[in-house]
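Let me begin by presenting the structure, written as structure tokens, before commenting on it.
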There are 2 protein chains.
Amino acid sequence: MGSTPDALPSRRRTDAVRGPLSREAILSTALSQIDANGLDGLSMRKLGAALGVEAMALYHHFPSKGELLGAVMERLLAEVSLPPRGLLPPLERLRCFVRSYRQIAVRHPHAFVLLAVRRFSTVAAFEVYEYVLDALAEAGFDAVQSARLFRLIGYYASGAGLAEIANRAPDPHRPDTFPSLQRFPRVAAAARYLRAGNQDAVFEFGLDVLLDEIRRQARVGKGARNAGPAEL
Amino acid sequence: MGSTPDALPSRRRTDAVRGPLSREAILSTALSQIDANGLDGLSMRKLGAALGVEAMALYHHFPSKGELLGAVMERLLAEVSLPPRGLLPPLERLRCFVRSYRQIAVRHPHAFVLLAVRRFSTVAAFEVYEYVLDALAEAGFDAVQSARLFRLIGYYASGAGLAEIANRAPDPHRPDTFPSLQRFPRVAAAARYLRAGNQDAVFEFGLDVLLDEIRRQARVGKGARNAGPAEL
DNA sequence: ACCTGAACACCGTTCAAGT
DNA sequence: ACCTGAACACCGTTCAAGT
């Protein structure tokens with residue numbers, strides 16, 4: 001029972017992460033735990049266990065669970081792709097942003113809730129805001145118009161992401177007692193077009209609508225005579 | 001210490017709710033607790049205490065906390081106003097729906113998260129779906145188009161509601177370390193138009209855009225010659 | 001039928017202690 | 001500096017018991 005010379009190390013880590021604990025290792029394990037077991041499935045104790053460490057060790061790297069989840073958010077945001085200015089016209093850059101934002105929800109349905117629900121004003125978030133506002137500026141909008149469209153784009157992006165989650169995953173907290181469609185003829189008729197398989201198409205349709213509208217607003221702003229939608 | 005004749009009842013209820021526990025009383029107390037202390041602030045034990053009852057008594061009315069929260073969702077949904085068919089043209093009915101859906105977020109910012117995050121297929125929800133799809137049908141859309149626009153409206157409604165929450169309430173889990181605006185000139189310029197005070201105006205602007213687009217789609221669907229937007 | 005009380009298996013977090 | 005172990009004040013839920 002004493003110290004055996006060649007004793008196996010008592011810590012086992014499920015990931016290929018070894019050596020001293022790092023913020024990086026903690027965050028990626030946390031994210032994969034959330035992906036696997038949901039937000040409620042993540043506890044400091046289980047996260048510690050997955051890293052081969054006591055729960056309290058985590059507090060040496062993050063002051064609280066809330067702060068840790070904030071860092072997970074930042075990590076999610078880093079997945080959004082923001083193609084550089086020169087590469088694409090401004091409205092196409094916006095399209096890329098909205099698409100890849102929604103992809104976060106597709107890839108991390110449980111974790112995406114964090115982005116939707118928690119307010120965030122971090123450097124990573126501000127970089128995204130700046131990117132979007134910059135594209136709007138290049139499209140010819142002033143600060144007021146940009147702010148409005150910024151919000152509109154945000155609504156669409158987070159609404160689309162949430163719909164992605166809500167429609168794919170069944171609710172673990174509640175058994176699905178599906179109401180009979182007899183009483184809801186319109187819902188019955190639309191049901192087959194509302195299935196998860198159609199989501200991508202619906203999303204792209206909505207995105208086109210959104211961008212068309214922004215294009216239209218740009219034309220109005222410039223005056224109808226020298227409208228140049230081709231450059232957007 | 002025995003039974004005194006005129007002993008005050010040992011239960012005290014914070015609400016004006018008396019008599020035997022009812023689903024109604026539990027739900028309204030639960031909602032006001034969530035409004036006051038947030039979703040995480042609601043526990044079965046505290047809810048019981050607020051009702052002057054042991055936590056376990058609640059399980060006689062709801063099988064689990066999840067089921068209780070589901071019933072709270074239903075209650076929130078009941079707040080949405082759906083003016084009857086004859087009273088307003090279809091697109092104006094949609095406007096009412098989206099507006100009042102967002103008002104749930106304004107009135108119950110903490111509880112609204114439930115609606116946004118959890119999937120729900122209950123009778124109350126289906127009634128709302130049917131209402132929206134019916135308005136779209138009256139506006140002349142077939143099942144495919146209706147399904148698309150239904151989703152689009154849903155994105156906008158829940159995105160707008162969430163933005164309402166995120167921008168009003170500071171995050172309790174995370175101290176706000178606001179990044180310096182020096183590095184973000186566009187954000188700095190738009191900041192004053194993105195304040196909470198402007199939210200109503202931005203929302204109405206976006207809603208107009210959404211409905212304009214739906215009107216346009218309706219015209220395209222009917223063929224350009226007999227377009228009658230006045231009736232929408 | 002409706003509620004209680006004790007118990008079980010969990011939480012996040014604090015704090016003193018180890019190396 | 002980095003981690004442990006025990007402890008505190010909570011959770012949701014089960015189960016047997018009370019009336």
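In what follows, every heavy atom counts, from backbone to side chain, and hydrogens, waters and symmetry copies are set aside. Naming convention: chains lettered A, B, ... in sequence-line order (proteins, then strands); numbering from 1 in each chain.
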- For every nucleotide of nucleotides 7-14 of chain C, 5' to 3': is a protein heavy atom under 4.0 Å from its base (B), only from its sugar-phosphate (S), or from neither (-)? B---BBBB
Please report the distance, rounded to the nearest Å, between [atom1] in [X] and [atom2] in [N].
X     : N     : atom1 : atom2 : value
B:E54 : C:dC3 : CD    : C1'   : 9 Å
A:L51 : D:dT4 : CG    : P     : 11 Å
A:R23 : D:dC2 : CZ    : P     : 13 Å
B:L21 : C:dT4 : CG    : C1'   : 13 Å

- Message: If we ignore hydrogens and angles and just use 3.5 Å, is the side chain of A:R93 paired with the main-chain N or O of A:L88 as donor and acceptor?
- Response: yes
- Task: Output yes when at least one side-chain N/O atom of B:H61 is less than 4.0 Å from OP1 or OP2 of C:dC3, else no.
- Result: yes
Does the side chain of [Y] come within less than 4.5 Å of [X]'s, by heavy atoms?
X      : Y      : value
B:L58  : B:L21  : yes
A:V132 : A:L94  : yes
B:E164 : B:R102 : yes

- Item | ring pair (Phe, Tyr, Trp, His ring centres under 6.0 Å) partner of A:Y156, chosen from A:F203, A:F205, A:F97, A:F150 | A:F203
- Query: B:F184 pairs by ring pair (Phe, Tyr, Trp, His ring centres under 6.0 Å) with which of A:Y131, A:Y129, A:F126?
  - Reply: A:F126
- Query: Within a reach of under 6.0 Å around CZ of A:R192, are more than 12 heavy atoms found that belong to other residues, nucleotides or ligands?
  - Reply: no
- Task: Fit a plane to each ring of B:Y101 and B:F112, take the angle between them on a 0 to 90° scale, and name the class: parallel (under 30°), tilted (30 to 60°) or perpendicular (over 60°).
- Result: perpendicular
- Query: So what stems show up for DNA chain D if we need 3 or more Watson-Crick or G-U pairs in a row, all under 3.5 Å?
  - Reply: C:4-8 with D:12-16, C:12-16 with D:4-8
